[in-house]
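Data first, discussion second: the structure below is written as structure tokens.
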2 protein chains.
Amino acid sequence: MATLKYSRQREAIKEYLASTTSHPTADTVYMHVKTEFPNISLGTVYRNLNLLADLGEAVKITTPDGGDRFDAQTIPHYHFYCKDCGSVIDMDFNNIEEINELASQNFDGRIESHTILFYGTCGECLTRS
Amino acid sequence: MATLKYSRQREAIKEYLASTTSHPTADTVYMHVKTEFPNISLGTVYRNLNLLADLGEAVKITTPDGGDRFDAQTIPHYHFYCKDCGSVIDMDFNNIEEINELASQNFDGRIESHTILFYGTCGECLTRS
DNA sequence: CTTTTTGCAAATCGTTTGCATGGAC
DNA sequence: GTCCATGCAAACGATTTGCAAAAAG
């Protein structure tokens with residue numbers, strides 16, 4: 001239904017997101033895009049970030065500190081979340097074995113725990129639909 | 001510093017949490033404990049759940065739908081999050097290989113994606129402290 | 001001209017916090 | 001008597017939403 005129409009704001013948001021690997025919050029995206037579009041509103045940023053996530057052109061990363069993060073890198077990869085400063089950092093490796101290796105190498109001792117969250121539809125919902 | 005004092009409310013919260021594997025939200029815990037303590041407040045439930053999480057007697061699970069979930073099972077394990085109904089289900093296996101096996105067996109095709117989030121302190125914060 | 005997108009402000013929702021009172025020790 | 005914990009209500013912070021105006025097609 002929704003015929004997508006072009007918008008400079010959305011383009012600027014995509015562009016900024018693609019230019020960084022810092023996994024910015026919606027507010028950070030807002031502040032950056034604002035330099036180019038002084039009148040842009042936070043609501044527009046949220047709407048577009050969610051739209052991009054729905055289209056599969058961006059990924060929304062849920063963090064334990066409330067604020068969600070956005071990532072233009074849609075190829076599946078893992079993230080390291082710093083519980084002290086809240087920064088989200090890319091990590092790339094393929095299996096659990098490497099997690100422990102990484103913990104004792106790249107992040108010697110700094111990894112305190114990790115969470116694996118799966119996304120999908122549970123059997124109950126599958127039945128109901 | 002904080003000398004922990006006994007409280008019936010906290011005990012009831014621990015008890016309820018230990019009795020279920022449904023990974024309830026704070027509000028769900030609130031509603032259940034309320035049958036035993038009609039005057040208990042949501043704030044107290046939040047305070048105690050966070051306290052238990054800090055003490056390591058419970059785990060707080062961040063989900064993409066906003067509401068955090070709590071789990072009395074503190075032995076590290078993985079969770080499956082249903083993006084349709086928001087339920088959180090325990091999954092147990094040890095490595096990434098099994099994730100794909102599981103996706104095609106127990107959850108045939110239902111797992112759409114998964115996120116691994118690491119918790120710890122990043123190098124920058126480690127340096128600053 | 002029709003439909004989508006925007007900017008703005010108000011509304012929502014989960015969670016936290018300040019404060020006076022009540023309970024634990 | 002001294003602190004810690006509670007109940008309540010107000011405060012918060014991130015995100016969403018309703019609406020009229022502006023832009024795209």
Could you check whether any side-chain N or O of [X] sits under 3.5 Å from a backbone N or O of [Y], counting only pairs where one atom can act as donor and the other as acceptor?
{"X": "Arg10(A)", "Y": "Lys5(A)", "answer": "yes"}
{"X": "Thr63(B)", "Y": "Gly67(B)", "answer": "yes"}
{"X": "Arg69(A)", "Y": "His23(A)", "answer": "yes"}

Could you tell me how far apart [X] ([atom1]) and [N] ([atom2]) are, to the nearest whole angstrom?
{"X": "Asp68(B)", "N": "dA14(D)", "atom1": "CG", "atom2": "P", "answer": "14 Å"}
{"X": "Glu36(B)", "N": "dT6(D)", "atom1": "CD", "atom2": "C1'", "answer": "16 Å"}
{"X": "Arg47(A)", "N": "dA9(C)", "atom1": "CZ", "atom2": "C1'", "answer": "12 Å"}
{"X": "Leu42(B)", "N": "dT17(C)", "atom1": "CG", "atom2": "C1'", "answer": "14 Å"}
{"X": "Glu11(A)", "N": "dT5(C)", "atom1": "CD", "atom2": "P", "answer": "12 Å"}
{"X": "Ile40(A)", "N": "dT5(C)", "atom1": "CD1", "atom2": "C1'", "answer": "11 Å"}
{"X": "Asp54(A)", "N": "dT4(C)", "atom1": "CG", "atom2": "C1'", "answer": "16 Å"}
{"X": "Phe37(A)", "N": "dC8(C)", "atom1": "CZ", "atom2": "P", "answer": "14 Å"}

Look at all strands and tell whether [X] reaches a base, only sugar-phosphate, or nothing, counting heavy atoms closer than 4.0 Å.
{"X": "Asn50(A)", "answer": "sugar-phosphate"}
{"X": "Asn48(B)", "answer": "sugar-phosphate"}
{"X": "Arg10(B)", "answer": "sugar-phosphate"}

Measure from the side chain of [X], starting at C-beta and using heavy atoms only, and say which of [options] lies closest.
{"X": "Ser7(B)", "options": "dT6(D), dG7(C), dT15(C)", "value": "dT6(D)"}
{"X": "Tyr46(A)", "options": "dA24(D), dT15(C), dA14(D)", "value": "dA14(D)"}
{"X": "Arg8(A)", "options": "dG7(C), dT15(C), dA24(D)", "value": "dA24(D)"}
{"X": "Tyr6(B)", "options": "dT15(C), dT6(D), dC25(C)", "value": "dC25(C)"}

So which pairs with a foot in residues 22-39 of chain A pass salt bridge (Lys or Arg N to Asp or Glu O under 4.0 Å), sequence neighbours left out?
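Applying salt bridge (Lys or Arg N to Asp or Glu O under 4.0 Å) to every pair that reaches into residues 22-39 of chain A, excluding sequence neighbours, yields nothing.
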Please compare Asp65(B) and Gly43(B) by the position of their nearest nucleotide in DNA chain C and report the one closer to 5'.
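First, find each residue's nearest nucleotide; the 5'-ward one identifies Asp65(B).
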Starting from the 5' end of DNA chain C, give me the residue, Thr44(B) or Gly66(B), whose nearest nucleotide shows up first.
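It is Gly66(B), whose closest nucleotide lies nearer the 5' terminus.
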Is the closest side-chain heavy-atom distance between Phe70(B) and Leu17(B) below 4.5 Å?
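Yes, at least one pair of side-chain atoms sits under 4.5 Å.
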May I ask you to verify if any side-chain N or O of Gln9(B) is less than 4.0 angstrom from the OP1 or OP2 atom of dG23(C)?
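For Gln9(B), the contact criterion (side-chain N or O under 4.0 Å from OP1 or OP2 of dG23(C)) is not met.
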Under 3.5 Å donor-acceptor pair, Lys5(A) side-chain atoms to dT3(C) base atoms:
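Under the 3.5 Å cut-off, the side chain and the base do form a donor-acceptor pair.
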